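One structure below.
Order of appearance sets the numbers: ligands from 1, and atoms from 1 within every ligand. This one's a predicted model, so the numbers in the text were calculated from it and none came from an experiment. Side chains included, hydrogens not; waters and symmetry mates left out as well; all remaining heavy atoms used.
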Amino acid sequence: SFDELKKCTNNFSDSNEIGSGGYGKVYRGMLSDGQVVAIKRAQQGSMQGGLEFKTEIELLSRVHHKNVVGLLGFCFEQGEQMLVYEFMPNGTLRESLSGRSGIHLDWKRRLRVTLGSARGLAYLHELANPPIIHRDVKSTNILLDEHLTAKVADFGLSKLVADSGKGHVSTQVKGTLGYLDPEYYMTQQLTEKSDVYSFGVVMLELITARQPIEKGKYIVREVRLMMDKNDEEHYGLRELMDRSIRNSGTLIGFGRFLELALQCVEESAADRPTMSELVKAIETILQNDG
Ligand code: ADP
């Protein structure tokens, strides 16, 4: 309820701050029933206001899926915009991959994280009513719960971000550099396949642990440069691979995983799989492991 949210706001202090992003700061709070939540407080002017905002948020709060971070409530009063989400204690996928959260994801867990987040996105694309294009798929928007189940966060929100947010591309095209579908960028025609492209970049991050742009180099290009058709064992790619998985013995379905990631980042959207095709393919990899 709104009163509960008000109480949360009284708890806001810097010590409860857990992060900050494109829209403002994120705090840890607690509802009166003891449930721990993440409260996203929009910075003044960072989001569009008005009826459009409210309609959109109401829509998002009706989305429920195991692999989507649930929006529990919102408040929208006196210029304040606050969104209350279920709390994800194991942080973002990016934090895990960069070793900052202390959670090591072995290869099998990376496959499960891929499957979970792909299922969340497939749900948004195909089962949510109306369908939702995430628009800002990236490793900082994939969060891990207490069981390391992956959930996608922040879906649909980038539509509501005012222009010129840091890290976001200006003009009509919205998304994050390094993850942005080149076809969408050129044509400004947004489809589900733009999320698929961004998700492919996340899959390459799962292989390399690198960020999509590192030292000015794009991961998609770097991986493509390393690929050699005659190199079925992918030795060329080994120097780009995350050391902790490279040295961990057999990586089930690695070749197939890489192939799928590269299909997702195809220049032409028509050559990319749909999210539910990707879900099936990842399920097959995991099933073959026995
Ligand atoms: P961005 O705009 O960069 O995606 P966000 O504003 O969504 O960033 O979130 C900033 C940070 O707050 C995240 O990197 C994450 O560490 C933390 N965070 C966001 N949502 C949650 C949540 N539901 N549970 C726990 N931590 C969260």
With nothing but distance in play, are any N or O atoms of [X] less than 3.5 Å from an N or O of ligand 1?
{"X": "Thr140", "result": "no"}
{"X": "Glu86", "result": "yes"}
{"X": "Leu143", "result": "no"}

* Kindly indicate whether the side chain of Ile282, heavy atoms from C-beta on, has any atom under 4.5 Å from the side chain of Met203. => yes
N/O donor-acceptor pair under 3.5 Å between [X] side chain and [Y] backbone:
{"X": "Asp242", "Y": "Ile207", "answer": "no"}
{"X": "Asn67", "Y": "Ser117", "answer": "no"}
{"X": "Glu95", "Y": "Ser101", "answer": "no"}
{"X": "His104", "Y": "Gly99", "answer": "no"}

* **Closest to atom 9 (O) of ligand 1 among Ile39, Val84, Val26 (heavy-atom distance)** => Val26
* Asked: Heavy-atom distance to atom 15 (C) of ligand 1: which of Thr176, Val36, Thr92 wins?
  -> Thr92
* To do: Determine, using heavy atoms of Arg28 and all atoms of ligand 1, whether some pair is separated by less than 4.0 Å.
  => no
* Does Ser20 come within less than 4.0 Å of ligand 1, judged by its heavy atoms? -> yes
* Are Leu225 and Met241 linked, directly or through other ILVMFWY residues, by side chains that come within less than 4.5 angstrom of each other? -> no
* Is Asp136 touching ligand 1 with its side chain, its backbone, both, or neither, if touching means heavy atoms under 4.0 Å apart? -> neither
* To do: Return the orientation label for the Trp107 and Phe257 ring planes: parallel under 30°, perpendicular over 60°, tilted otherwise.
  => perpendicular
Out of all atoms in ligand 1, which are within 4.0 Å of some heavy atom of [X]? Include the element for each.
{"X": "Ala38", "answer": "21 (C), 22 (C), 23 (N), 24 (N)"}
{"X": "Glu95", "answer": "16 (O)"}
{"X": "Phe87", "answer": "24 (N), 25 (C)"}

* Can a donor-acceptor pair be found between the side chains of Thr92 and Arg94 at a distance below 3.5 Å? -> no
